[in-house]
J.: 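The structure follows.
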Amino acid sequence: MSLLPGTFVVVPLNRREVPGVVWDGPPDPDLPAGRLKDVIEALEVPPMTASLRRFVEWVAAYTLSPPGAVLRMAMSSPGALEPPARQAGWALAAPAPPEGNARRLTPERRRVLALLAAAPGTVRAAGALAEAAGVSPGVVRGLADAGFLVPALLPEAASPFARPDPEHPGPPLAPGAQQGAATALREAVAAGRFGVTLLTGVTGSGKTEVYLDAVAECLRRGRQALVLLPEIALSAQWLERFRRRFGVAPALWHSELTSKTRRATWRAVAEGQAPVLVGARSALFLPFPDLGLVVVDEEHETAFKQEDGVVYHARDMAVVRARLAEAACVLVSATPSLETLTNAEQGRYAHLHLDRRHAGASLPAVAAIDLRAHPPERGRFLAPPLIEAVTETLARGEQAMLFLNRRGYAPLTLCRTCGHRLRCPNCSAWLVEHRAQRRLQCHHCGHAESPPAACPECGTASSLVPIGPGVERVLEEATALWPEARRLVMASDTIPGPAAAAAAAQAIQDRQVDLIIGTQIVAKGWHFPHLTLVGVVDADLGLAGGDLRAAERTVQLLHQVAGRAGRAEAPGWVLLQTFSPDHPVMQALVSNDLDAFMRAEAMARRPGGWPPFGRLAALIVSSEDEREADRTARDLGLAAPRGEGVQVLGPAPAPLALLRGRHRRRLLLKTRRDVAVQPILRAWLARVEVSNSVRVQVDVDPVGFL
Ligand code: ADP
Ligand code: ZN
């Protein structure tokens, strides 16, 4: 066979037949020529583009993953490689059977024939034909037996991916910053080459409308556009806006698609039939034939980091994908990451900014409530000033929201008698009480058990007490305070999927809800025009733990939550309950000066060479056998790389020292920015022998440190 690079093929591998892709590049000199086997067949699907092949190689090299593991992500719907099965139907026999037969035709049979005769070449499935003619399936069978009908292939189903219309009238962009930014983005797309633009602007400033304009430009040029959203399940409002802007829905890509839709979508993308695709991070690996634009909305979101399998950051890889495809890339956020801001500052990215809310809506006023001066009642979690503000808001007929980024009733259960704390048997973590379900749950491994009647340690009955609040407990308090208010809890366990999220958003928009109590789900880009008060129950929550980006992430999350308030005419308010109102994070939110905060963050990270001013890579050693984990971690520590601008921290037990029954140790490689970490990591790992019971996971540019 003469096969071009990129062709999808089936090859023998041991005794199996597996799909693969013909790769290019120099042949491996170590391949024993005589032992190569023949390709079994080439598949009828458009070949993988050179740009996607280079991307697969790039991601594999950057993340230290086997190229096959990355290629598998680009072939994530194996069924799509087979041509779609075409179903059989029935057509009129030509020539028709002799006249004599026709005289014996019943009215039922005539109706069937008339349907098929209506247009020449009509083919219909037996069931559909019988139904349309109002006859039983037996009538169709009888006609076939009598030679009036012959089997034929049904025409291929029309693509379910309608072409979004770039000229569909969208809202006119506001003169000034909005139009200016849109023009700049359209030009970036029209240029037809790689470039990255950071689009920032306060929450509600109309960034989405601006980048949808760039999508329209990409459509006009006949290239495909990819929009990455951090949590597609929570994007009902976004999809509705897309529909309003372009007249049709975009193609979707996320983990909850049925395998049938997955197959159809993958194939439609490969065939260039899905002009706009909106997806989660894995959409980067779809086989776009001619990608012209990649948008990453909420680029600061940690949900873009994939933490298992091939460990990669979809925002960073989106930039690479765009570069290899000669496409424009747009990173969008009201609260951009320090990494991206630094790239913009150093001129690697262009920067567009929208400085005010659309249609004159004002930004919410943010104030801190000092919990030392205004403590909540004993066993309660809402301080008097916040209670008063909610009461007034509800009295005005406006909506209020209480935000607490913690699911369940209480994060910790403690024995009053002996001090014992209930913990997960598989993880170093407390069990979280979910009172509505009468369960104690581990949020890391899913372990669940019934609440014990007595302390498992000292045996004292009724001695276990909940410590601290989760959203369920805030709901309990809110129910007592505002029994008349219509309440809605938004957390991943009460809003289990896209449909539930869409319904919740609609109920809020339609004012069927007065008080929303939610976890980080509520921080996403929702537009709730009647919401005027946001209360943050524990603004200090994200600051514990000492992670490199804890402060940055807290500012981003709380600013996004705050941004839900006052998006229409009525002004919005935000109250932060905190024990440290003077903390730079609270000051940044109160003064609404995120720029100053990010400048201070940069100043704090630069001297120590922390990202983005230096590079990090983590090694996570894990094993069910604690001694094995320790031994490998120690060996890695002894074999640690040395050199100018290279430093290794650890090994040390991971904060989650036990996770799903595996003991975990961490090492952290820290280098200067001009040092490439991959060759160092490769050489380091090659120096250490790792037994089969131990896994060493490499995480380049780690986001989580647990
Ligand atoms: P951001 O993405 O910056 O948070 P959005 O794009 O969500 O802001 O815009 C906020 C609100 O303003 C949305 O309801 C959006 O539909 C509306 N909006 C933005 N720009 C326009 C415009 N040019 N015309 C009409 N409505 C707009
Ligand atoms: Zn657990």
Side-chain angles (χ1 to χ4, degrees), residues 169-183 185 198-216 227 229-230 234-246 295-301 330-336 352-364 408 411 421-432 439-449 505 508-509 523-531 556 559-569 572 654-664 706:
L173 295 176
Q178 214 181 23
Q179 277 183 8
T183 307
L185 282 190
L198 168 63
L199 173 61
T200 56
V202 298
T203 50
S205 57
K207 298 184 291 295
T208 314
E209 291 314 326
V210 168
Y211 76 68
L212 287 181
D213 218 45
V215 169
V227 180
L229 300 180
L234 301 176
S235 306
Q237 286 188 330
W238 191 97
L239 293 173
E240 183 48 39
R241 268 171 81 182
F242 186 93
R243 217 169 289 130
R244 256 183 293 156
R245 176 66 183 79
F246 291 109
V295 178
V296 184
D297 201 352
E298 312 289 6
E299 69 84 30
H300 63 278
E301 277 276 354
V330 184
L331 306 179
V332 186
S333 177
T335 52
L352 301 168
H353 183 70
L354 307 179
D355 57 358
R356 60 190 59 156
R357 281 191 156 178
H358 176 70
S362 53
L363 277 173
R421 299 160 172 218
L422 298 184
R423 45 190 312 155
C424 175
N426 316 317
C427 306
S428 20
W430 311 127
L431 288 175
V432 179
R439 305 294 273 172
L440 292 164
Q441 273 182 24
C442 171
H443 284 183
H444 296 284
C445 73
H447 168 87
E449 56 186 66
I508 298 169
Q509 251 178 310
K524 311 298 161 186
W526 307 106
H527 185 66
F528 297 141
H530 313 291
L531 176 70
Q556 286 162 341
H559 187 78
Q560 294 282 351
V561 180
R564 298 317 108 205
R567 290 173 68 101
E569 298 86 52
L656 264 172
L658 184 67
L659 178 63
R660 294 186 200 96
R662 297 181 74 89
H663 298 271
R664 303 165 77 245
L706 286 181

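We count ligands from 1, going down the list as the structure has it; atoms in each ligand are counted the same way.
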J.: Nearest heavy-atom pair of N426 and C445: which atoms, and what distance?
T.: ND2-SG, 3.5 Å

J.: For E209, is there an ion pair with R241 - N to carboxylate O distance below 4.0 angstrom?
T.: yes

J.: Less than 4.5 Å apart, any side-chain heavy atom of E449 and any of C442?
T.: no

J.: For a quick check: using heavy atoms under 4.0 Å, what are the residues in contact with ligand 1, sorted by chain and number?
T.: P171, P172, L173, A174, Q178, V202, T203, G204, S205, G206, K207, T208, E209, R241, H358, H527, R567

J.: Which N, O or S atoms belonging to the protein are less than 2.8 Å from the Zn ion (ligand 2)?
T.: C424 SG, C427 SG, C442 SG, C445 SG

J.: Pick one: which of Q556, H559, Q560 meets side-chain hydrogen bond (donor to acceptor under 3.5 Å, both in side chains) with T335?
T.: Q560

J.: Indicate yes or no: at least one non-hydrogen side-chain atom of E301 is less than 4.5 angstrom from one of L229.
T.: no

J.: In the structure I gave you, are the side-chain heavy atoms of W430 and L440 within less than 4.5 Å of one another anywhere?
T.: no

J.: Should the pair K524-E298 be classified as a salt bridge under the 4.0 Å nitrogen-to-oxygen rule?
T.: no

J.: Taking atom types as modelled and ignoring hydrogens, do the side chains of R356 and S362 form a donor-acceptor contact shorter than 3.5 angstrom?
T.: no

J.: Atom NE2 in H353, atom CG in L198: separation rounded to 0.5 Å?
T.: 10.0 Å

